[in-house]
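For reference, the structure discussed in these notes is given below.
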Amino acid sequence: MALEFKVRSLGGDLKRFVGLITDREHAIKKAPEKDVDPVFAINENAKLLHPDYQKMVIQDIIEHKGADSKTFVFKKADGSKAAYFRAGQYVSVLLKIGSSLVTRPYSICSSPAEALEGIVKITVRNVKDGYAAPYMLENFKVGDEVCISGPEGTFYYEPLRDAGHVIALAGGSGITPFLSMANAIREGTEDFCLTILFGSRTEENILFKKELDEIASQCSKVKVVHVLSDEKKDGCETGFINADLIRKYAPEGGYSIFMCGPEAMYRFAQKEIEKLQIEPRFVRRELLGVTKNVASLPDYPAECAGKTYTVKVVIGEQEQVIDGKAEETILTAIERAGIPAPARCRSGECGWCRSKLVSGTVYIPAENDTGRRYVDKERGYIHPCASFPTSDVVIEVPGSYMQ
Ligand code: FES
């Protein structure tokens, strides 16, 4: 069959183009002579969506006794909307503990719709031998002002990348991003099927049980399976979240796996997921954090363990020499010295703490070095949140945005 094409006259297009130039010249002649307003609406909108920080007030504190946790309900201090976020993202909380200035990332457990009312909620679980979590649980009270970052992270559902059904593996307070996703699905701001396999020790330890079960009863796209490791209960699975359990609840056809929980859960789940032979792009994990026992990693330079080095920190015109322990990150050393340094993910992923290593050497665990750009590796830039000193070092750090 012959194909027919219609060719528009080039003359018409040229005439329209010449007309455009003439219109633009007229507009320029008519424009006032004063400077153009340098504030562009698009930049103002970007600031609302991605603020460097948000000043909040603690409006309420909800205690979860069985789970040794509290939910802090933050409200924008000036009564405006909080930055809109994708369910699954986190905020970084700025804390002044003694003379130290530290940040900690927490997944947002409230729904994106609540941000439009100025509300952001995070849940903090007590951590044995912890630093920031015990401080917040003991000291935060209603009415306190708290500075948090804008929403961060990529742990959210993306239809171009993820399967239409997500199997969520949650452990302990790792349920928080999935609570936000479940709420968003119920409210209609997210559209995918979510099956949550939620591991807890006992039924009493289950965080947000009432809320999760209520959402599952109201929304056919959300299913919650409680998995108890330390007791048997009707209606709950017993044991750990393993490959067989995932297979049991996985839908026919493709699915994505999202994981959020403690380091031990990631290590166990990773091996189980390998048995499922899922394409790596369908497996996603929330921030890993930096391993607590770096000296146990097989490629750690054993001769450095237990040593203390000097860390010269250069911020603009100012310099300060501090101690840096070999088994602590350089960011921890900087924060302990009370120096305000930028940080958000504390896992080596986001790049907010990117700094120039002027001299000296560091150890970076391979699993925390996936977020550093190739060109940064070539030019001596490091992420101090995931770098451990292995000699005396000099480091140029950008100033903090939250001081
Ligand atoms: S705080 Fe994100 S890379 Fe260091």
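Numbering of ligands and ligand atoms starts at 1, following listing order.
- Looking at His383 and Asp376, their side chains never bring a donor and an acceptor atom within 3.5 Å of each other.
- There is no side-chain donor-acceptor pair under 3.5 Å between Tyr157 and Asp191.
- There is no side-chain donor-acceptor pair under 3.5 Å between Ser180 and Asn183.
- Residues Tyr249 and Glu237 bring a donor and an acceptor atom of their side chains to less than 3.5 Å of each other.
- Under the 3.5 Å distance criterion, with hydrogens and angles disregarded, a donor-acceptor pair is assigned to the side chains of Thr332 and Thr329.
- Within the protein, the N, O or S atoms lying under 2.8 Å from atom 4 (Fe) of ligand 1 are Cys353 SG, Cys385 SG.
- Aromatic rings of Phe155 and Phe178 (six-membered ring for Trp) have centroids within the 6.0 Å cut-off, being under it.
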